[in-house]
J.: 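Structure provided below as structure tokens; questions to follow.
Quick note on labels: first sequence line is chain A, next is B, and so on, each numbered from 1.
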Amino acid sequence: MGDDIRRNMALFPIGIVMKLTDLTARQIRYYEQHELVIPARTGGNQRLYSFNDVERLLEIKDLIEKGVNIAGIKQVLLPVDKDSEDATVVSEQSEVKRRELTDSQLHKMLKQQLIGGGKRPNSVSLIQGELSRFFRK
DNA sequence: ATTCTGACA
DNA sequence: TGTCAGGA
């Protein structure tokens with residue numbers, strides 16, 4: 001996919017992202033501290049987000065609303081590193097070589113259930129129950 | 001006018 | 001998380 005570069009192309013400042021995601025600058029920056037999103041920076045140290053970053057933030061917002069905490073989100077969303085951010089292709093679909101996660105399949109499922117699907121009243125508690133098995137510190 | 005980091009009445 | 005300070 002060639003327009004992947006466009007999705008990973010840093011374009012908008014935090015102000016725009018705030019409106020696009022309905023998140024406060026505080027939250028957006030906070031999530032960055034926890035490496036949930038790594039926006040590019042301008043010469044003036046201003047954050048520049050790509051479409052992928054925004055989508056990512058929307059997913060995070062979704063999970064937060066579903067009661068998932070940072071620790072949990074870190075495990076549901078694949079870790080992002082400066083490379084896969086604005087460099088090249090690499091998205092959730094690519095066969096990431098992360099053996100660290102013995103159950104990448106489960107992660108995929110959880111992600112789908114948490115993000116994709118609409119909102120079933122019970123699935124939430126169900127999911128949280130399953131996740132707690134991982135989030136447990 | 002905007003955004004950034006650090007800090008906490 | 002909100003919000004203010006103080007600088008870029």
Side-chain angles (χ1 to χ4, degrees):
Chain A
M1 295 163 197
D3 71 26
D4 242 59
I5 75 161
R6 292 194 174 177
R7 294 194 168 180
N8 286 312
M9 179 159 51
L11 296 173
F12 12 70
I14 199 167
I16 302 297
V17 180
M18 287 177 70
K19 296 182 178 182
L20 261 39
T21 65
D22 281 300
L23 289 171
T24 65
R26 179 77 164 81
Q27 293 176 299
I28 298 174
R29 296 182 185 123
Y30 179 72
Y31 302 149
E32 180 182 347
Q33 291 193 300
H34 288 275
E35 304 175 274
L36 265 38
V37 286
I38 313 295
R41 296 285 184 141
T42 67
N45 196 41
Q46 301 281 97
R47 271 168 264 248
L48 285 185
Y49 298 82
S50 66
F51 275 94
N52 280 173
D53 291 330
V54 175
E55 288 178 25
R56 181 111 184 156
L57 285 169
L58 288 174
E59 294 181 356
I60 294 171
K61 182 198 174 195
D62 220 272
L63 295 173
I64 291 294
E65 295 177 327
K66 293 183 184 301
V68 181
N69 58 311
I70 302 297
I73 296 177
K74 281 185 180 178
Q75 297 173 60
V76 178
L77 259 29
L78 291 78
V80 294
D81 45 83
K82 202 188 183 302
D83 295 342
S84 65
E85 253 317 287
D86 46 26
T88 326
V89 198
V90 184
S91 62
E92 293 92 300
Q93 320 172 46
S94 65
E95 311 65 50
V96 239
K97 53 266 184 174
R98 304 177 188 296
R99 301 61 191 286
E100 42 175 285
L101 300 182
T102 347
D103 36 23
S104 61
Q105 280 187 44
L106 176 56
H107 275 63
K108 236 184 175 182
M109 289 180 66
L110 291 175
K111 185 181 176 183
Q112 288 179 53
Q113 289 170 38
L114 285 162
I115 303 171
K119 30 67 178 184
R120 296 98 228 191
N122 348 346
S123 76
V124 177
S125 60
L126 226 175
I127 291 173
Q128 295 186 318
E130 281 301 317
L131 294 178
S132 66
R133 167 177 139 213
F134 292 91
F135 301 170
R136 202 168 30 191
K137 34 101 181 85

J.: Between C/dG2, B/dC4, C/dT1, which one does the side chain of A/Thr24 approach most closely?
T.: C/dG2

J.: For B/dC4, does OP1 or OP2 lie under 4.0 Å from any side-chain N or O of A/Arg47?
T.: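 Yes, A/Arg47 has a side-chain N/O under 4.0 Å of OP1/OP2 on B/dC4.
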
J.: With a 4.0 Å cutoff (strictly under), does any side-chain N or O of A/Tyr31 reach OP1 or OP2 of C/dT1?
T.: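 For A/Tyr31, the contact criterion (side-chain N or O under 4.0 Å from OP1 or OP2 of C/dT1) is met.
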
J.: In plain terms, say whether A/Glu32 and A/Arg41 are close enough for a salt bridge, that is, a side-chain N and a carboxylate O under 4.0 Å apart.
T.: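 Answer for the salt bridge query: yes.
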
J.: Rounded to the nearest Å, what distance is computed from the CZ atom of residue A/Arg41 to the P atom of nucleotide B/dT3?
T.: 13 Å

J.: Atom CD in A/Glu55, atom CG in A/Leu58: separation rounded to 0.5 Å?
T.: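 Answer rounded to 0.5 Å: 7.5 Å.
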
J.: Measuring from A/Tyr30:OH to A/Thr24:OG1, what's the distance to the nearest 0.5 Å?
T.: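 Answer for the OH-OG1 pair, A/Tyr30 versus A/Thr24, is 12.0 Å.
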
J.: With both distances under 3.5 angstrom, what nucleotide forms a Watson-Crick or G-U wobble pair with B/dT2?
T.: C/dA8

J.: In whole Å, I'd like the distance from the CD1 atom of A/Ile14 to the C1' atom of B/dA1.
T.: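 The answer, rounded to whole Å, is 15 Å.
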
J.: When A/Tyr31 is tested against each of A/Glu35, A/Gln27, A/His34 for side-chain contact (heavy atoms from CB on, under 4.5 Å), which residue passes?
T.: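 Only one of A/Glu35, A/Gln27, A/His34 forms a side-chain contact (heavy atoms from CB on, under 4.5 Å) with A/Tyr31, namely A/Gln27.
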
J.: Pairing check on B/dA7: which nucleotide meets the Watson-Crick or G-U wobble criteria with it, both distances under 3.5 Å?
T.: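 C/dT3 - that is the nucleotide pairing with B/dA7, both distances being under 3.5 Å.
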
J.: Between P on B/dT3 and CG on A/Leu48, what's the gap in Å once rounded to a whole number?
T.: 11 Å

J.: Take atom CZ in A/Phe12; do more than 12 heavy atoms of anything else shown fall under 6.0 Å from it?
T.: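 Yes, because the 6.0 Å sphere around CZ of A/Phe12 holds more than 12 heavy atoms from other groups.
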
J.: Could you state the atom-to-atom distance from CD1 of A/Ile28 to C1' of C/dG2 in whole Å?
T.: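 It works out to 14 Å between those atoms.
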
J.: If the sugar-phosphate is the primed atoms plus P, OP1 and OP2 and the base is the rest, what is the B/S/- string for nucleotides 3-8 of chain C, using protein heavy atoms under 4.0 Å?
T.: B-----

J.: May I have the distance from A/Met18 (atom CE) to B/dA1 (atom P), rounded to whole angstrom?
T.: 16 Å

J.: To the nearest 0.5 angstrom, please state how far the CG atom of A/Leu48 sits from the CD1 atom of A/Ile14.
T.: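 Spacing of CG (A/Leu48) from CD1 (A/Ile14) equals 11.0 Å.
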
J.: I need the CZ-P distance between A/Arg29 and B/dT2, as an integer number of Å.
T.: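 Nearest whole value for this atom pair: 14 Å.
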
J.: Would you mind reading off the distance between A/Glu32 atom CD and B/dT5 atom C1', rounded to a whole angstrom?
T.: 11 Å

J.: Roughly how many Å is it from CD in A/Gln27 to P in B/dT5, rounded to a whole number?
T.: 16 Å

J.: So which heavy atom on A/Asp22 is nearest to which on A/Lys61, and how close?
T.: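 A/Asp22 and A/Lys61 have their closest heavy atoms at CB-NZ, 3.8 Å.
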
